[in-house]
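The next block holds one structure in the form of C-alpha cells; read it before the comments.
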Amino acid sequence: AASSGGLVAYADSGSDAAAVEKPQLPLRKKVVVLGTGWGGTTFLRNLDSKLYDVQVISPRNYFAFTPLLPSVTSGTVEPRSIVEPIRRILEKKGGEIKFWEAECFKIDPKNKKIHCRSNIGTNLDGNGEFLVDYDYLVVAVGARTNTFNTPGVVENCHFLKEVEDAQKIRRSVMDCFERASLPFLDEEERKKNLHFVVVGGGPTGVEFAASLHDFVTEDLSKLYPSIQHLVKISLIEAADHILTMFDKRITNFAEDKFGRDGIDVKTGFKVVKVAKDAITMQNPATGDISVPYGMAVWSTGIGTRPFIVEFMKQIGQANRRVLATDEWLRVRECDGVYAIGDCATINQRKVMEDISEIFRVADKDKSGTLTVKEIQDVLDDIYVRYPQVQLYLKSKQMNGIADLVRSAKGDAEKESVELNIEEFKKALSLVDSQVKFLPATAQVASQQGQYLARCFNKMKDAEENPEGPIRIRGEGRHRFRPFRYRHLGQFAPLGGEQTAAQLPGDWISIGHSTQWLWYSVYATKQISWRTRMLVVSDWTRRFIFGRDSSC
Ligand code: FAD
Ligand code: MG
Ligand code: MG
Ligand code: MG
Ligand code: MG
C-alpha cells in the first residue's frame with residue numbers, strides 16, 4: 001500500500017495493475033540555450049534543471065560582466081576578474097546541464113533543430129558541424145556592433161563588446177604611447193599617435209572616453225612626461241548631444257565635465273570613413289573634415305547577427321530590424337522558440353488592435369455601453385496586458401479611468417456616464433503612443449532570463465491549464481503574467497571618481513557619492529564571490545598603486 005507520508009512516488013493507487021506496470025520517469029523535454037551572456041546565464045541560473053534535459057551552446061565558455069569592460073581597457077580591473085567559467089556556473093546546478101563550445105549558424109524551426117559549428121574541433125566530415133534537437137529553444141545570442149556599413153571601420157577601429165576587445169584596446173593605447181615616444185618621430189607624428197578617437201556618445205563610448213582620460217592624466221602622464229601635453233581625446237557623436245538616453249541634467253553635466261577635462265566633444269558630426277591614419281567626418285556646416293588619429297574605438301550601437309537575420313526571413317519577419325517576440329518572450333509563429341536580451345525586442349500588443357474585444361468583454365450586462373464601473377472591473381487585467389494604458393494615464397496626470405471617460409465625453413459630466421464603442425475607442429485612441437521599447441541592457445536581459453526561467457519552472461502546471469491572453473480575450477485567466485520590466489536605474493561613470501545616476505522615479509544623482517554607490521552596486525552584482533573578491537581587490541590595488549601600464 002502507498003505510504004501516506006507522500007515520499008513514495010509511485011504505485012500509490014494500491015491496485016495490482018499499478019504495481020505490475022513499472023513506473024517510468026517521463027522523458028524530459030529538451031531545452032537548448034544559445035548564448036552564455038547576461039540573458040542565457042541568468043536563465044540557466046534560475047532554471048530548475050531537474051525538470052528538463054538542458055544543453056547550452058555558445059562560442060564563449062564563460063560569462064563576462066560587461067559593465068566593467070571599460071575598466072578593463074585602462075587596467076583598473078583585470079580581465080580575469082570579470083569572467084566566470086560557464087562550467088563552474090553549471091556545476092553549481094548539480095552538473096546535469098551539458099555545454100558545447102560552438103556557435104549556432106542556423107535555426108530550423110520546422111524540424112526543431114539547430115545547426116552548430118565548433119571552431120575548436122572537427123568531425124569525420126572535417127568541418128566541426130553538428131545538429132541539436134530541441135523542444136524548447138532559448139535564443140540569447142546578444143547583438144553585434146553596428147558599423148552602418150561605414151567604410152574602413154571593421155579594418156581600422158576597435159570595438160568594445162568582448163573581453164578580448166578590451167584587452168586589445170589596452171594594448172593599443174600603450175602601443176600609441178610607446179610609438180609616440182620613439183626617437184625618430186616628428187611632433188606631428190607624435191600628435192597623431194596620441195590622438196584617441198571615440199565614435200559614439202552613448203553610455204559605452206562616454207564611459208570609455210572618461211576612463212581613458214583618467215588613465216592618461218592619473219597614470220600615463222607621470223610615465224611619459226615629455227609627450228603628455230600632446231595627448232588628445234575626441235568623442236564624436238552624430239546627434240546634438242551625448243548620453244541622449246539620460247536626463248538632460250546628466251547630459252549637461254557630462255558635456256561640461258568633458259569640456260573642463262579637455263575631451264573634445266564633437267556633436268553633430270557623423271563619421272563617414274575611417275582610413276588607416278585619418279578619420280573623415282561630416283557636418284552640414286563644415287562639410288567633410290579629416291583628422292589624423294592614433295587609435296579609434298567604434299561604439300555607435302548594435303545590430304542583428306546575420307544568422308538571426310536569416311532566421312527572421314524564414315519566419316516572416318524579413319521586414320523587421322530586430323527579432324520580435326510577444327510579451328511572454330515567445331517568438332511569434334514559431335513553436336517552442338523564445339528570445340531574450342539584446343537579440344530580441346518585445347512587440348507590445350496594441351490596445352487599438354483589440355479594442356472591440358475589450359469592449360465586448362467589459363460590457364458585462366451586454367447593454368452596448370460601458371459604465372465607469374464596468375471599465376473599472378477589467379482595469380487590472382487591462383493594465384497587465386497593455387501597460388501603455390497605465391503609462392498614458394500617468395503621462396496625462398489622470399487619476400484613473402473616470403478621468404479618461406470624462407475627457408472622452410467632454411467636460412459636462414454627471415456621475416453616471418456611459419460610453420458607446422465609438423466613444424470608448426476615442427478615449428483610448430492615444431494610449432498606444434505610450435508603448436515603450438526596452439533598452440539593450442544587461443538589466444533587461446537578466447530580468448528576461450529570470451522571468452523565462454520561472455515560466456519554464458511552472459510550464460507543466462501551465463500546460464495542464466492552458467494559457468490564454470488573460471480574461472480580456474475570454475479564454476480564462478492567464479497562467480503567467482506577461483514580462484514586465486522593472487527599471488532599477490542606470491549609471492554613467494564620467495571619470496575622476498564622479499558618476500551620474502538616473503534612478504527610478506527620475507531621481508538624478510551626480511558626483512563622488514554616486515561613484516561610491518556605483519562601486520557598491522557593481523560589487524554586489526558580481527556573479528560569484530570569487531569575481532567579487534577579485535574586482536574589489538583590483539579597485540583597492542588601483543587606489544594604492546595606480547594602474548599598471550605594462551602590456
Ligand atoms: P550577451 O551578454 O552579449 O551574450 C550573448 C551570448 O551569445 C554570448 O555568450 C555570445 O558568445 C553568444 N553567442 C553569440 N553568437 C552566438 C551563436 N551564433 N550561437 C550561440 N551563442 C552565440 N548593460 C547594463 O545594463 N549596464 C551597464 O553598465 C552596461 N555596460 C555595458 C558596457 C559595455 C562595454 C557593453 C558592450 C555593454 C554594456 N551593457 C550594459 C549592455 C549589456 O552588456 C548587454 O545588454 C547584455 O550583455 C545583453 O545580454 P545578452 O544575453 O542579450 O547578450
Ligand atoms: Mg546571453
Ligand atoms: Mg554578457
Ligand atoms: Mg531586447
Ligand atoms: Mg454595459
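Every number for a ligand or one of its atoms is a count from 1 in the order of the listing.
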Under 3.5 Å, which donor-acceptor pairs do the side chains of residues 494-503 form with other protein atoms, sequence neighbours left out?
{"residue": "E497", "atom": "OE1", "partner": "Y519", "partner atom": "OH", "Å": "3.2"}
{"residue": "E497", "atom": "OE2", "partner": "Y519", "partner atom": "OH", "Å": "3.1"}
{"residue": "E497", "atom": "OE2", "partner": "R542", "partner atom": "NH2", "Å": "2.6"}
{"residue": "T499", "atom": "OG1", "partner": "Q515", "partner atom": "OE1", "Å": "2.6"}
{"residue": "Q502", "atom": "OE1", "partner": "D247", "partner atom": "N", "Å": "2.8"}
{"residue": "Q502", "atom": "NE2", "partner": "D506", "partner atom": "OD1", "Å": "3.1"}

[X] N/O to ligand 1 N/O under 3.5 Å:
{"X": "L160", "value": "no"}
{"X": "L34", "value": "no"}
{"X": "A445", "value": "no"}
{"X": "C104", "value": "yes"}
{"X": "D342", "value": "yes"}
{"X": "T36", "value": "yes"}
{"X": "E103", "value": "no"}

Between [X] and [Y], does at least one N-O distance fall below 4.0 Å, as a salt bridge requires?
{"X": "E91", "Y": "R88", "answer": "no"}
{"X": "D381", "Y": "R385", "answer": "no"}
{"X": "E310", "Y": "K106", "answer": "no"}
{"X": "R360", "Y": "E357", "answer": "yes"}

**Message:** For Y485, run the side chain to side chain donor-acceptor pair (under 3.5 Å) check against K436, Q447, Q443 and tell me which one passes.
**Reply:**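 With Y485 as partner, side chain to side chain donor-acceptor pair (under 3.5 Å) holds for just one option, Q443.
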For ligand 1, which atoms have a heavy atom of [X] less than 4.0 angstrom away?
{"X": "G341", "answer": "52 (O)"}
{"X": "G37", "answer": "1 (P), 2 (O), 4 (O), 6 (C), 8 (C), 9 (O), 51 (O)"}
{"X": "A440", "answer": "41 (C), 45 (O)"}
{"X": "W38", "answer": "2 (O), 43 (O), 46 (C), 47 (O), 49 (O), 51 (O)"}

Which pair of non-hydrogen atoms, one from [X] and one from [Y], has the smallest distance, and what is that distance?
{"X": "W539", "Y": "Y522", "value": "CH2-CB, 4.2 Å"}
{"X": "Y134", "Y": "P109", "value": "OH-CA, 3.4 Å"}
{"X": "T325", "Y": "A344", "value": "CG2-CB, 4.1 Å"}

Measure from [atom] to every heavy atom in [options] and give the option owning the shortest one.
{"atom": "atom 26 (N) of ligand 1", "options": "F491, Y522, F65", "result": "Y522"}
{"atom": "atom 15 (N) of ligand 1", "options": "Q443, K525, R305", "result": "R305"}
{"atom": "atom 38 (C) of ligand 1", "options": "I107, T66, I114", "result": "T66"}

Would you mind telling me if ligand 1 is within reach of the side chain of [X], the backbone, both or neither, using heavy atoms under 4.0 Å?
{"X": "I57", "value": "backbone"}
{"X": "A140", "value": "backbone"}
{"X": "F307", "value": "side chain"}

**Item:** Distance filter under 2.8 Å, centred on the Mg ion (ligand 5) - protein N, O or S atoms that pass it
**Value:**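 D363 OD1, D365 OD1, S367 OG, T369 O, E374 OE1, E374 OE2, with waters left out.
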**Message:** Please list all pairs meeting salt bridge (charged side-chain N to carboxylate O under 4.0 Å, His left out) that have one or both residues in residues 125-150, counting only residues at least two apart or in different chains.
**Reply:**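 Those involving residues 125-150 are K113-D133, R117-E129.
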**Asked** Does a side chain donor of either W38 or T66 reach within less than 3.5 Å of an acceptor in the other side chain?
**Response**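 There is such a pair (donor and acceptor under 3.5 Å, judged by atom type) between the side chains of W38 and T66.
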**Item:** S49 and E96 side chains, donor-acceptor separation under 3.5 Å
**Value:**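 The answer is no; no qualifying pair exists.
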**Message:** For the aromatic rings, using the six-membered ring if either is Trp, is the centroid distance between F43 and Y338 under 6.0 Å?
**Reply:**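 No; Y338 has its ring centre 6.0 Å or more from that of F43.
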**Message:** I'd like to check the side chain to side chain contact (heavy atoms under 4.5 Å, CB included) partners of R320; sequence neighbours left out, ordered by chain and number.
**Reply:**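 In terms of side chain to side chain contact (heavy atoms under 4.5 Å, CB included), with neighbours along the sequence ignored, R320 is linked to M312, Q317, A324, T345, N347.
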